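Input: a single structure, listed below in structure tokens.
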Amino acid sequence: MLRKIKNFNFKVLKLLSSSLLTLSLVLTASGAHAQSFSLGETVFVAFPQANIKDDAFIVGQVTAITQKGDFQIAVQDYVEGHDYGSSCVPISKNTQDQGLGSGWEIWQDTTKLDTKQLEYIVPKSQVMKLDDGKHYFVERNNVYIVFGRWKSDAPMLTVERLQRAEREAQSAGLKAMLPAFELAILHRKSFYGDYGRPLMAFEAVAPLNKALNAALELFQKDQLLESLWRAKPRNWEEIGHSSRHYFAIEAIDKIVEDAQDQLYEEGLEKAEADELQRLREKLTQFKR
């Protein structure tokens with residue numbers, strides 16, 4: 001809840017910490033810098049999240065500009081359910097004091113921005129041109145959908161589509177997802193051959209060893225990733241601060257789970273004995 005001015009310092013601290021995190025995500029993702037906008041202009045306010053599925057945004061019209069250059073906006077559209085309490089400062093529409101006096105209102109439900117008596121001040125670092133913002137979020141969503149299709153074992157998802165998603169991730173500022181996509185590609189090659197032919201159970205053993213090797217190599221390069229992955233219970237709050245860690249952990253989970261399931265598939269006795277033994281040995285290295 002955001003109260004009158006006596007509680008303002010606490011909210012400012014939350015606002016600044018959230019803004020710094022989001023600014024780093026926006027600048028990394030789009031290479032954008034804070035821009036100037038005019039009164040009456042419709043803008044896009046970006047709130048990207050490391051896991052992408054919790055991305056949020058606001059579309060609104062600029063109604064005022066603060067002395068710091070932040071923007072007061074009248075909300076036209078937004079993602080309902082996202083907590084905007086640490087990123088938006090509500091203000092009475094008719095006040096001229098920019099929230100430093102009698103204009104403060106009690107804002108109880110910070111997941112809704114449709115209170116008719118209020119408009120919202122948002123940091124200038126998070127405001128983008130409308131078309132740029134829409135394109136930016138569409139690109140992020142498309143990359144996320146491909147990754148989700150891989151996790152759900154979509155049968156028509158080709159290795160080439162995953163490779164294209166890697167390129168799309170780079171263009172959308174999601175380079176941190178590339179280790180996860182590399183694992184996804186190795187996993188897909190473990191179960192589908194040329195022209196999308198599903199591999200027999202014994203054929204999957206050797207390529208699964210390669211996928212598990214790649215995961216172990218990631219652990220060697222990033223000890224924090226390994227500690228986050230092995231933790232019981234996992235610290236999802238810390239994991240959620242990094243797109244690299246979040247998606248790599250999801251990818252490693254899937255590879256390990258599917259490799260374990262493969263040990264019980266019919267016809268596995270046709271696999272090369274040394275490859276099958278390596279698979280069993282590698283899986284012991286992923287015990288949590």
Side-chain angles (χ1 to χ4, degrees), residues 13-14 16-26 28-29 47-56 81-83 85-87 140-141 143-153 162 165-166 169 172-191 204-205 207-264 277-288:
L13 288 175
K14 283 187 68 181
L16 288 175
S17 63
S18 175
S19 297
L20 288 173
L21 172 61
T22 306
L23 173 60
S24 66
L25 287 167
V26 171
T28 300
F47 295 97
Q49 297 296 319
N51 63 4
I52 302 181
K53 66 183 178 183
D54 290 327
D55 279 355
H82 179 78
D83 185 3
S86 61
S87 302
R140 289 170 62 85
N141 186 61
V143 171
Y144 180 75
I145 287 173
V146 175
F147 187 81
R149 290 183 64 211
W150 166 68
K151 279 191 62 183
S152 63
D153 295 315
L162 286 169
E166 281 190 300
L174 295 169
K175 187 177 179 180
M177 287 185 68
L178 298 187
F181 270 117
E182 286 297 313
L183 292 177
I185 289 169
L186 290 172
H187 173 276
R188 201 68 178 179
K189 288 180 177 179
S190 300
F191 293 97
V205 174
L208 276 173
N209 279 327
K210 292 181 181 179
L212 292 171
N213 270 337
L216 290 172
E217 288 173 5
L218 276 183
F219 284 162
Q220 291 174 358
K221 295 176 183 176
D222 189 341
Q223 293 183 352
L224 178 56
L225 169 65
E226 181 174 9
S227 65
L228 290 170
W229 186 84
R230 293 190 186 278
K232 277 190 170 183
R234 284 182 178 155
N235 186 346
W236 284 106
E237 183 176 355
E238 183 177 358
I239 291 169
H241 291 159
S242 166
S243 294
R244 175 184 172 86
H245 289 157
Y246 182 87
F247 287 102
I249 285 172
E250 287 206 329
I252 293 169
D253 278 351
K254 179 167 179 58
I255 288 173
V256 171
E257 182 179 353
D258 287 355
Q260 289 171 334
D261 290 344
Q262 198 68 13
L263 293 177
Y264 302 96
Q277 180 60 25
R278 273 195 286 272
L279 181 61
R280 292 192 174 100
E281 290 173 353
K282 287 187 187 304
L283 284 172
T284 64
Q285 299 180 58
F286 288 93
K287 289 184 177 179
R288 296 177 58 233

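Because the structure is predicted, anything quoted here is derived from the model rather than measured. Start at 1 with the first residue, then count along the sequence.
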Check: Can T284 and R280 be said to form a side-chain contact (heavy atoms from CB on, under 4.5 Å), step by step?
Finding: CA-CA 7 Å; T284 64; R280 292 192 174 100; 6.0 Å; no
Could you tell me whether the side chain of W236 reaches within less than 4.5 Å of the side chain of N51, counting heavy atoms only? no
- Query: With distance as the sole test, does R244 use its side chain to make a donor-acceptor pair with the main-chain N or O of L178 at under 3.5 Å?
  - Reply: no
Rounding to 0.5 Å, atoms CE (M177) and CD1 (I52) come to a distance of 4.5 Å
Ignoring hydrogens and angles, write down the donor-acceptor pairs under 3.5 Å from the side chains of residues 209-219, residues two or more places apart or on other chains.
residue: N209; atom: OD1; partner: L279; partner atom: N; Å: 3.3
residue: N209; atom: ND2; partner: E275; partner atom: O; Å: 3.0
residue: N209; atom: ND2; partner: E275; partner atom: OE1; Å: 2.8
residue: N213; atom: OD1; partner: K282; partner atom: NZ; Å: 2.7

Taking every heavy atom of P48 against every heavy atom of D55, the minimum-distance pair comes out as CA-OD1, 3.3 Å
When every non-hydrogen atom of F181 is compared with those of A169, the smallest separation belongs to CE1-CB, 4.4 Å
For S243 and A176, the nearest pair of non-hydrogen atoms, with its separation, is CB-CB, 3.9 Å
request  = Please confirm whether the backbone N or O of I239 pairs with a side-chain atom of S242, one donor and one acceptor, at under 3.5 Å?
outcome  = no
**Asked** Is it true that a side-chain atom of R288 and a backbone atom of W229 form a donor plus acceptor pair closer than 3.5 Å?
**Response** yes
One should read off an interatomic distance between L224 CG and H245 NE2, to the nearest 0.5 angstrom, of 4.5 Å
Smallest heavy-atom separation, A248 atom then A180 atom, equals N-CB, 3.9 Å
The reported gap from NZ in K151 to OH in Y144 (rounded to nearest 0.5 angstrom) is 7.0 Å
TODO: Please work out whether the ring planes of F47 and H82 are parallel, tilted or perpendicular, with thresholds of 30° and 60°.
DONE: tilted
Heavy atoms of L208 and A259 approach each other most closely as CD1-CA, 4.0 Å
d(L186 CG, I255 CD1) to nearest 0.5 Å is 6.5 Å
Problem - Criterion side-chain contact (heavy atoms from CB on, under 4.5 Å) on Y246 and K53, from CA distance to verdict - result: CA-CA 11 Å; Y246 182 87; K53 66 183 178 183; 3.1 Å; yes
Sorted by chain and residue number, the side-chain contact (heavy atoms from CB on, under 4.5 Å) partners of D258 (sequence neighbours excluded) come out as D153, H187, F191, K254, D261
Taking R140 for its side chain and Q49 for its backbone only, find out whether a donor-acceptor pair lies under 3.5 Å. yes
Rounded to the nearest 0.5 Å, the CZ atom of F286 sits from the CD atom of E226 at a distance of 9.0 Å
